[in-house]
Peer 1: 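For reference, the structure I am asking about is given below.
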Number of protein chains: 2
Amino acid sequence: MKHNVEELLSTHGVKPTPQRMVIAEYLLSTHSHPTADDVFQAVKGKLPVSLSRATVYNTLNALVAKGVIQEVTTEAGRVRYDANMSDHHHFVDIETGNVIDIPAGTLNQIKLELGDQYKIRSFHVTIFGEVVGGKAKE
Amino acid sequence: MKHNVEELLSTHGVKPTPQRMVIAEYLLSTHSHPTADDVFQAVKGKLPVSLSRATVYNTLNALVAKGVIQEVTTEAGRVRYDANMSDHHHFVDIETGNVIDIPAGTLNQIKLELGDQYKIRSFHVTIFGEVVGGKAKE
DNA sequence: TCTATGCTTAGACTTATTCTAAATACAGAA
DNA sequence: TTCTGTATTTAGAATAAGTCTAAGCATAGA
Ligand SMILES: [Mn+2]
Ligand SMILES: [Mn+2]
Ligand SMILES: [Zn+2]
Ligand SMILES: [Zn+2]
């Protein structure tokens, strides 16, 4: 399936410039959850002009802000980018560091859904929300 | 309950120096999931000698390596430290940024266990493990 | 064509973290 | 005790991710 990147960007309110298109194209083409520098390395050279790191960061931030991609953190301090916006979680292969998408589902079924192929060493749930009533301790 | 920090460090194979003790003491005394700089600010001045940032980082890394504390990432790119080593997850208050400990339990019970006080906006499960059989796609 | 706005660029800057080299501390050997 | 090797700490240099700045470029619309 060939992505219509131009339309994807337009419908999300991001003007589709050549730089942005090639960055978005790359993100949509991979499941590798690349870092900003991974994106920069993969994409420079695909344009007739030189590509600035600032543009990569500006574009990644814009795409995150507009909901085209998301940031993913697996190892402390490392930011990765993910064009898969479906409801899913991440499996980190502790041998290779690879980050694999895991479709969401009721959480207590994760083990079953994963099947024998994945041996869970540990997992961590991070919840984002609001505390109402103000009496939760720091 | 007064923590015996000296013994805690010793039993984990970390030689209890004054710098390490005061850092560990601070981590054990708070639920705030502080950053490295938070730790530095809180702890410098509690020693007769000056405290180096390098020592703070060295100590935090050593305590993580020895399993005395853990790293926690909630916002992309920000590393926090947590002396709570019980099996628990984290609730991030999206208004204040506060990180609150949530005891583990079967994951499908999380909503019930949290109760009315917490309004879940979203959550994310990160799983660490191994892929066996080698046929999982990146 | 003119102009305003937005986009991109190179490089400077900032900030978090690691590294380096020298000084200190100190446990154990003698 | 003193000696001595190893670990620890320190200040500051170095690195790396990310942001900011100022200038140039592109282009949509008047
Ligand atoms: Mn960001
Ligand atoms: Mn670390
Ligand atoms: Zn993903
Ligand atoms: Zn915690």
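Order of the sequence lines fixes the chain letters, A, B, ..., with proteins taken first and strands second; residue numbering starts at 1 for each chain. Fair warning: this is a prediction, and the values are worked out from it, not measured in the lab.
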Peer 1: With sequence neighbours left out, what residues match B/Thr17 under side-chain contact (heavy atoms from CB on, under 4.5 Å)?
Peer 2: B/Gln19, B/Arg20

Peer 1: What is the separation between atom CG on A/Leu60 and atom P on C/dT8, rounded to the nearest whole Å?
Peer 2: 12 Å

Peer 1: Nearest of C/dT8, C/dT17, D/dT10 to any side-chain atom of A/Asn58?
Peer 2: C/dT8

Peer 1: Using the rule given for side chain to side chain contact (heavy atoms under 4.5 Å, CB included), can you reason through A/Gln70 versus A/Tyr81, listing the C-alpha separation, both sets of side-chain angles and the distance that settles it, and then say yes or no?
Peer 2: CA-CA 6 Å; A/Gln70 62 178 317; A/Tyr81 294 90; over 6 Å; no

Peer 1: Where the side chain of B/Thr11 meets the backbone of B/Leu8, is there a donor-acceptor pair that is under 3.5 Å apart?
Peer 2: yes

Peer 1: Tell me which residues in residues 9-20 of chain A put a heavy atom below 4.0 Å from DNA chain D, sorted by number, or none.
Peer 2: none

Peer 1: Which residue pairs satisfy the salt bridge (Lys or Arg N to Asp or Glu O under 4.0 Å) criterion with at least one member in residues 30-49 of chain A, sequence neighbours excluded?
Peer 2: A/Asp37-A/Arg53

Peer 1: Within residues 37-55 of chain A, which residues have any heavy atom lying less than 4.0 Å from an atom of DNA chain D?
Peer 2: A/Ala54

Peer 1: Heavy atoms, side chains only, cut-off 4.5 Å: are A/Thr35 and A/Arg80 in contact?
Peer 2: yes

Peer 1: Tell me whether the side-chain N/O atoms of B/Tyr57 come closer than 4.0 Å to OP1 or OP2 in C/dT17.
Peer 2: yes

Peer 1: What's the CD-P distance between B/Glu75 and D/dG18, to the nearest Å?
Peer 2: 14 Å

Peer 1: Whole angstrom is fine here: how far is it from CG in A/Asn61 over to C1' in D/dC20?
Peer 2: 13 Å

Peer 1: Dump the intermediate steps for side chain to side chain contact (heavy atoms under 4.5 Å, CB included) on B/Val39 and B/Thr59, then the final yes or no.
Peer 2: CA-CA 11 Å; B/Val39 173; B/Thr59 298; over 6 Å; no

Peer 1: Would you mind reading off the distance between A/Glu71 atom CD and D/dA17 atom P, rounded to a whole angstrom?
Peer 2: 15 Å

Peer 1: Do A/His90 and A/Asp101 come within less than 4.5 Å of each other through their side chains, counting heavy atoms only?
Peer 2: yes

Peer 1: State, with a plain yes or no, whether a side-chain heavy atom of B/Leu27 is found less than 4.5 Å away from one of B/Leu63.
Peer 2: yes

Peer 1: For A/Asn58, enumerate each residue passing the side chain to side chain donor-acceptor pair (under 3.5 Å) test, keeping only those at least two apart in sequence or located in another chain.
Peer 2: none

Peer 1: My understanding is that only one of A/Asn84, A/Asp82, A/Asn98 makes a side-chain hydrogen bond (donor to acceptor under 3.5 Å, both in side chains) with A/His33; could you say which?
Peer 2: A/Asp82

Peer 1: Give the intermediate values and the outcome of side chain to side chain contact (heavy atoms under 4.5 Å, CB included) for residues A/Leu28 and A/Val5.
Peer 2: CA-CA 9 Å; A/Leu28 288 163; A/Val5 179; 4.0 Å; yes

Peer 1: Between B/Lys66 (NZ) and D/dA7 (C1'), how many Å, whole number?
Peer 2: 12 Å

Peer 1: Can you check nucleotides 2-5 of chain C for protein contacts, nitrogen or oxygen pairs under 3.5 Å, and list what you find?
Peer 2:
none

